[in-house]
Amino acid sequence: MPLSARQKGVMAAVVTVAIWTSFIVIARASASHTLTPFDLALCRIVGASMVLLPWGWWLTRGHRGDAGVSFGGFSPLPLRQTVQAGLFGGLLYAVLAYSGFFHAPAAHASVLLPGSLPLWTALLAAVLLGERITPARALGLACIVAGDLLVGGASLWGAFSGTGGTAWRGDLLFMAAASCWAVYGVLARKFGLDAVRATIGITVFAFCTYVPAFVLLTWLGVLPSRLASAPWGEIAFQTVYQGVGSVVVAGIAFTQMIRHFGPVKSTMLTALVPGLSAMAAVPLLGEPLHWHLLAGLAMVTLGILFGVRAARAKASAATPGTIAACGGVARADG
């Protein structure tokens, strides 16, 4: 019996939140296994490419050689858009995010990766796209800044006092990764990219640049890698989960969720991710949740909800074209 539109939307929401939540927990757990962050980035890119490169080749059939197609027909985007979006959304985000998990716990990632994304996106959209930050949205951003400071500030203070280890490095890497994804989101809005073509484009760029560079630099001994000593099961799992699951399945599920619930309700659903991932890390990874982490999670979640409320008020007064554009924005920021 075929599923109804609502059932498809609910299933898409469950899959999206589950994958986004498990990504943080699994990536942090991976830091205690064999592969390096550069190996994990390679698994992500190769896994996604196994699905998306043939998909891109199929989408561009009959249009190869046109100005709107690049990288030999594998990217359904023009060269400039593929390079710019792929650099930030496909390459830098993966390397920076996975590197962060080797220094900071999952709760830090919960706050500083999905939690700080609305902050970076709003600031970049104001600078690059001329978007106005309303008072309600500014209040939400202030809450996010407070949450980030509660988490990142504590690790910095610990580093200065000699008790914080390397968590501050992970926090900075998470913030840098979130800013790169925000740049990608703003570029996607600027170019008016749809979800599937944008995801294919950034994956094509990452594959064509990172894989050759990885092979060369590891062969020269410049880039650390443990692929040769890693169990095949670990490599296969990371390739399937990080590439196919986190990139392809989550991307399609989020798009379906946006179509059913709309951008505002979808953002409310994804606001569950910081709290769920931090809570899941307690029993699964044995990571404690100190008071400043709980306070940071609360502030970031509150900030996201303030932003949703502001977006809802804006959407209620928007034209259908504006609301449709919000859908593309939400996908790009996801």
Side-chain angles (χ1 to χ4, degrees), residues 15-55 89-110 113-114 165-167 169-170 173-174 177 199 202-253 273 276-288:
V15 169
T16 301
V17 173
I19 292 180
W20 286 12
T21 300
S22 61
F23 166 77
I24 292 176
V25 177
I26 290 176
R28 174 57 178 171
S30 300
S32 62
H33 288 78
T34 310
L35 298 177
T36 70
F38 302 104
D39 296 333
L40 291 174
L42 180 74
C43 290
R44 174 188 177 97
I45 293 168
V46 171
S49 297
M50 290 189 299
V51 177
L52 296 179
L53 264 66
W55 194 347
L91 183 57
L92 291 179
Y93 173 79
V95 174
L96 291 170
Y98 288 126
S99 298
F101 285 107
F102 281 70
H103 297 283
H108 289 224
S110 301
L113 267 178
T166 63
R169 297 179 184 175
L173 288 166
F174 289 144
T199 305
I202 66 174
T203 303
V204 168
F205 175 83
F207 181 84
C208 293
T209 56
Y210 186 79
V211 174
F214 179 90
V215 172
L216 176 61
L217 294 177
T218 52
W219 180 70
L220 293 174
V222 176
L223 195 68
S225 174
R226 299 195 190 106
L227 277 175
S229 59
W232 280 106
E234 182 180 352
I235 296 174
F237 170 78
Q238 296 293 357
T239 301
V240 173
Y241 177 81
Q242 304 293 349
V244 180
S246 296
V247 178
V248 181
V249 176
I252 295 172
V273 172
L276 288 176
S277 55
M279 295 298 178
V282 176
L284 296 178
L285 302 179
E287 295 183 357

(request) Hey, can you tell me if Phe237 and Tyr241 have their rings parallel, tilted or perpendicular (30° and 60° cut-offs)? (result) parallel

(request) Kindly give the heavy-atom pair with the smallest separation between Ala109 and Phe101, and that separation in Å. (result) CB-CE2, 3.5 Å

(request) For Leu285 and Ala106, work out which heavy atoms get closest and say how close. (result) CD1-CB, 4.1 Å

(request) Grab the two heavy atoms, one from Phe23 and one from Ser246, that are nearest each other, plus how far apart they are. (result) CD1-OG, 3.8 Å

(message) side-chain contact (heavy atoms from CB on, under 4.5 Å), that's the test. Do Leu35 and Ser30 meet it? Break it down for me.
(response) CA-CA 7 Å; Leu35 298 177; Ser30 300; over 6 Å; no

(request) Taking all heavy atoms of Val25 and all of Ser277, pick out the closest pair and write down the distance. (result) CG2-O, 3.8 Å

(request) Find the distance between OG1 (Thr239) and CD1 (Ile45) and round it off to the nearest 0.5 Å. (result) 11.0 Å

(message) What's the separation between atom CG in Leu96 and atom CG in Leu113, rounded to the nearest 0.5 Å?
(response) 10.0 Å

(message) Using the rule given for side-chain contact (heavy atoms from CB on, under 4.5 Å), can you reason through Val273 versus Ser110, listing the C-alpha separation, both sets of side-chain angles and the distance that settles it, and then say yes or no?
(response) CA-CA 7 Å; Val273 172; Ser110 301; over 6 Å; no

(message) Could you report the tightest heavy-atom contact between Thr203 and Ser49, atom names first, then the distance?
(response) CG2-OG, 3.4 Å

(message) Phe102: which residues meet the side chain to side chain contact (heavy atoms under 4.5 Å, CB included) condition with it, sequence neighbours left out?
(response) Ala31, Pro37, Leu40

(message) Taking salt bridge (Lys or Arg N to Asp or Glu O under 4.0 Å) as the cut-off, I'd like each qualifying pair that reaches into residues 26-40, sequence neighbours left out, listed once.
(response) Arg28-Glu287

(request) Check step by step if side-chain contact (heavy atoms from CB on, under 4.5 Å) holds for Val46 and Tyr210. (result) CA-CA 10 Å; Val46 171; Tyr210 186 79; over 6 Å; no

(message) Can you tell me how far apart CD1 (Ile24) and CD1 (Ile19) are? Round to the nearest 0.5 Å.
(response) 13.0 Å

(message) With side-chain contact (heavy atoms from CB on, under 4.5 Å) as the criterion, how do Leu52 and Phe207 come out once you've worked through the C-alpha distance, each side chain's angles and the decisive distance to 0.1 Å?
(response) CA-CA 10 Å; Leu52 296 179; Phe207 181 84; over 6 Å; no

(request) Spell out, as yes or no, whether a donor-acceptor pair under 3.5 Å connects the side chain of Ser32 to the backbone of Ala29. (result) yes

(request) Return the set of residues passing side chain to side chain contact (heavy atoms under 4.5 Å, CB included) with Leu223 (not counting sequence neighbours), or none when no residue passes. (result) Phe38, Phe214, Leu217, Thr218

(message) Do Ser99 and Val95 have side chains that approach each other closer than 4.5 Å (heavy atoms only, starting at C-beta)?
(response) yes

(request) Heavy atoms only: give me the nearest Pro231-Thr34 pair and the separation to one decimal. (result) CD-OG1, 3.7 Å

